[in-house]
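All ligand and atom numbering here is 1-based and tracks the order in the structure.
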Amino acid sequence: MPRPIVLVQPDAPLHDLPGHPESQARLEAALTGVPPELRVSVPGASASPGNLARVHAPAYIAAVRERCEALTGIGQLDPDTYITPRSYDVARSAAGLALEAARYALAGTSAFAMVRPPGHHAERTHAMGFCLFNSVAVAAAAALDMVRRVAIVDWDVHHGNGTQAAFYGTDRVLYCSVHRRFHFPGTGWYDERGADAGLGFTLNAPLAAGSTGADYRHVFESVVCPALAAFGPDLVLVSAGQDPLADDPLGGMALVPADFGMMARLLLEATGRPLALALEGGYGPGHADAVVAVLDALEGGDAPAARGEPRAVTRHVAEFLVAGSPLLDDR
Ligand SMILES: [Zn+2]
């Protein structure tokens, strides 16, 4: 398979609040293991207001622009989510680069958009949890013009409430999230399975705090990958938050960097498709190693198997999801 590429975002420093967990420093730290030859810059990549409006209300898009333009320093869209005078542009470029990653994947090359701010908490009408615009959802919505079916796998430790909401009623987008239960933002229980035509096309695996790579492997092998294989996506997007790492200050899970390579490899094997990843969370010192592990897997490297056994609570979540999923009930 072709070498993966890493899409970099030159304007990311314009959205920054030093000392905040979601700062430019954490992106720079995450990139330290990425070889220069894999880095690709796409000048001018930016989601148009029309592309944003597939996911966000036009009044919200305009409000973000106006709030940023009126600033002289740092502002807040909610208690967690800061903005700078340039945040509107930076969030648009993050979404634009997620869409570029999707274009690369559709052309046969896996791509990891290393972008910020993150996106998966952003809802149709409001910012939330460090997120302004939902980059992965914007990319998925735009891709539905090009292909029939899009899968989104979200391994960030937090549930992607905004992404789930964007596609809750459609059978053209399969949203699979593995996250920590009873954690921010509080959504993503396993009985949230989609509605109307989308019933069964949302799969949430809320795992207990302290879950390990063995738990994640079990959920991927028994739920996420079989669902992907049954769904047959034309495009696979990943909301790649590396905050389930054991050393992450916001996570509370117990993954090691190699576990992210394991998940990427399982997705490649299940779908036979290149992956389009976009950065979500990831705030700890192990983040750079996790990114390298993902890139190694995308390049065909052999990710080491997760050691240990899944815990009983993880098996129960997986059994419940398999029993309740129209995509999985023929197995
Ligand atoms: Zn997160």
Using only N, O or S atoms, tell me which atom of [X] is closest to the Zn ion (ligand 1).
| X | value |
| --- | --- |
| H158 | ND1 |
| D243 | OD2 |
| D156 | OD1 |

*asked:* Hydrogens and angles aside, do H126 and D78 bring a side-chain donor and acceptor to less than 3.5 Å of each other?
replied: no
* Asked: Is the distance between the Zn ion (ligand 1) and the nearest N/O/S atom of H120 smaller than 2.8 Å?
  ->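 Within the cut-off used here (under 2.8 Å), H120 places no N, O or S atom near the Zn ion (ligand 1).
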Using 2.8 Å as a strict upper limit, say whether an N, O or S atom of E280 approaches the Zn ion (ligand 1) that closely.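 Checking E280: none of its N, O or S atoms is under 2.8 Å.
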Separation of L77 CG from C68 SG (nearest 0.5 Å) =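 Here the interatomic distance stands at 6.5 Å.
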inquiry  = Salt bridge or not between D11 and R116? Use side-chain N to carboxylate O under 4.0 Å.
reply    =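 R116 and D11: not salt-bridged.
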Check for me, please, whether L268 and V294 land in the same ILVMFWY cluster - side-chain distances under 4.5 Å, paths through other members count.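 Yes, one cluster joins them.
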Check your understanding: Side chains of I152 and L174: does their closest heavy-atom pair fall under 4.5 Å?
Key -> no
